[in-house]
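Report on the following structure.
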Number of protein chains: 2
Amino acid sequence: MKDSGDNSIIDKLQNFYIQLISKFGHCTGISPSRFRLMQQLFHVDEINQTTLQKELQIDRAAITRHLKQLEGDGIVTRRINPDDNRFTLVRLTDHGRQEIVAYREEKILFMAQLLQGFSEEEQKLFANMIERMQENINHIKGEN
Amino acid sequence: MKDSGDNSIIDKLQNFYIQLISKFGHCTGISPSRFRLMQQLFHVDEINQTTLQKELQIDRAAITRHLKQLEGDGIVTRRINPDDNRFTLVRLTDHGRQEIVAYREEKILFMAQLLQGFSEEEQKLFANMIERMQENINHIKGEN
DNA sequence: TTTATACAATTGACCAATCAATCGTTGATA
DNA sequence: TATCAACGATTGATTGGTCAATTGTATAAA
């Protein structure tokens with residue numbers, strides 16, 4: 001298991017993640033981005049798009065398009081901030097809230113299967129390792 | 001840290017992965033898929049596209065298009081298997097091999113930064129956990 | 001008060017991934 | 001030998017993401 005770059009952690013992670021997302025998408029029938037977006041909205045009352053964008057790390061353009069679509073589907077409402085017309089404020093509709101609740105239940109089931117055989121401690125450890133790596137990444141220079 | 005589905009491991013993983021890939025892409029200047037493709041080719045002499053596709057879990061169409069582009073860039077050559085005209089065999093050119101070697105070096109540097117502060121044991125543990133989750137995923141039913 | 005700067009959101013152009021349908025080849029079967 | 005099913009590869013249509021440029025609004029400076 002030398003670090004020659006072959007079958008490295010990054011490779012494993014990539015293979016794993018791709019399968020994970022693909023499976024999750026097929027199970028829930030929703031795209032990962034849209035799910036993340038809705039989930040983020042679920043936790044707040046109302047939020048503007050740029051804040052959403054920063055939290056999700058998705059491009060601004062993608063945010064705009066997703067939200068327009070979600071608005072068309074009756075999942076969210078959008079209105080311009082009366083105190084500052086540059087901001088548009090987004091919130092889930094009641095219908096949207098119901099939807100995301102259902103998805104979240106599916107997610108919990110999915111997670112249970114994913115983490116089968118993992119003790120509480122192991123789960124915490126894993127989460128912690130990811131956080132540490134994330135910290136490391138933040139210190140890597142690069143136009144991000 | 002209850003398992004209500006909020007800020008779950010899947011969320012953390014997703015946030016982490018997106019940042020990881022974005023940073024890696026910016027550092028190396030190559031797309032993750034293309035890199036994986038080239039890396040896979042690096043390990044074999046010659047290979048057909050379907051085998052590649054299965055190993056990488058990328059869509060067949062994407063494979064075809066990537067390889068056509070790589071062929072245009074002089075990174076790979078493609079020829080039809082004389083024993084069975086349905087297969088096209090792909091291999092890296094010498095130039096392609098040089099390229100991938102350079103990228104792999106960048107990857108090793110990147111990995112070193114990513115894993116800063118991780119002991120050998122921790123790295124193994126992490127890799128092992130991913131493998132276990134991957135196993136779990138394979139048992140989840142779903143059209144994949 | 002006018003002008004310049006900063007910022008949120010949007011749009012257009014482009015690239016990459018997926019799905020579904022199709023083409024061409026092969027091998028088995030009637 | 002003719003037909004059909006299986007399979008690899010390709011293509012078209014659609015979707016989602018990024019970058020760059022633009023629009024509209026607010027605020028600070030001249």
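Below, read A as the first sequence line, B as the second, and so on, with proteins coming before strands; counting in each chain starts at 1.
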Contact class for A:Arg34 vs. all strands (heavy atom < 4.0 Å): base, sugar-phosphate, or nothing? nothing
Just checking A:Gln53: base, sugar-phosphate only, or nothing, at a heavy-atom cut-off of under 4.0 Å? nothing
Note: B:Asp11-A:Lys107 ion pair, threshold 4.0 Å (strictly below): yes
Thinking salt bridges, do B:Glu122 and A:Arg132 make one under a 4.0 Å N-O criterion? yes
Give the rounded distance in Å between these two atoms: [atom1] of [X] and [atom2] of [N].
| X | N | atom1 | atom2 | value |
| --- | --- | --- | --- | --- |
| B:Gln49 | D:dG8 | CD | P | 11 Å |
| A:Asp83 | D:dT25 | CG | P | 15 Å |
| B:Leu67 | D:dA9 | CG | P | 9 Å |
| B:Asp59 | D:dT11 | CG | C1' | 12 Å |

Want to settle it: does A:Ser33 or A:Arg60 sit nearer the 5' end of DNA chain D, counting the closest nucleotide to each? A:Ser33
Starting at the 5' end of DNA chain D, which residue's closest nucleotide do you reach first, B:Asn48 or A:Pro82? B:Asn48
Any donor and acceptor pair, going by atom type alone, linking the side chain of A:Thr93 with main-chain N or O of A:Ile75 inside 3.5 Å? yes
Apply side-chain hydrogen bond (donor to acceptor under 3.5 Å, both in side chains) to B:Thr88 and B:Gln49, showing your working. CA-CA 7 Å; B:Thr88 63; B:Gln49 300 190 179; 3.2 Å; yes
Side-chain N or O of A:Asn85 versus OP1/OP2 of D:dA26: is the shortest distance under 4.0 Å? yes
So, is B:His26 near the phosphate of D:dT18, with a side-chain N or O under 4.0 Å from OP1 or OP2? no
Take the angle between the ring planes of B:Tyr17 and A:Tyr17 and call it parallel below 30°, perpendicular above 60°, tilted in between. parallel
Under the side-chain hydrogen bond (donor to acceptor under 3.5 Å, both in side chains) test against B:Asn15, which residue among A:Gln134, A:Gln57, A:Arg36 passes? A:Arg36
Span of DNA chain C in contact with chain B (heavy atoms, under 4.0 Å): C:dA16 to C:dT26
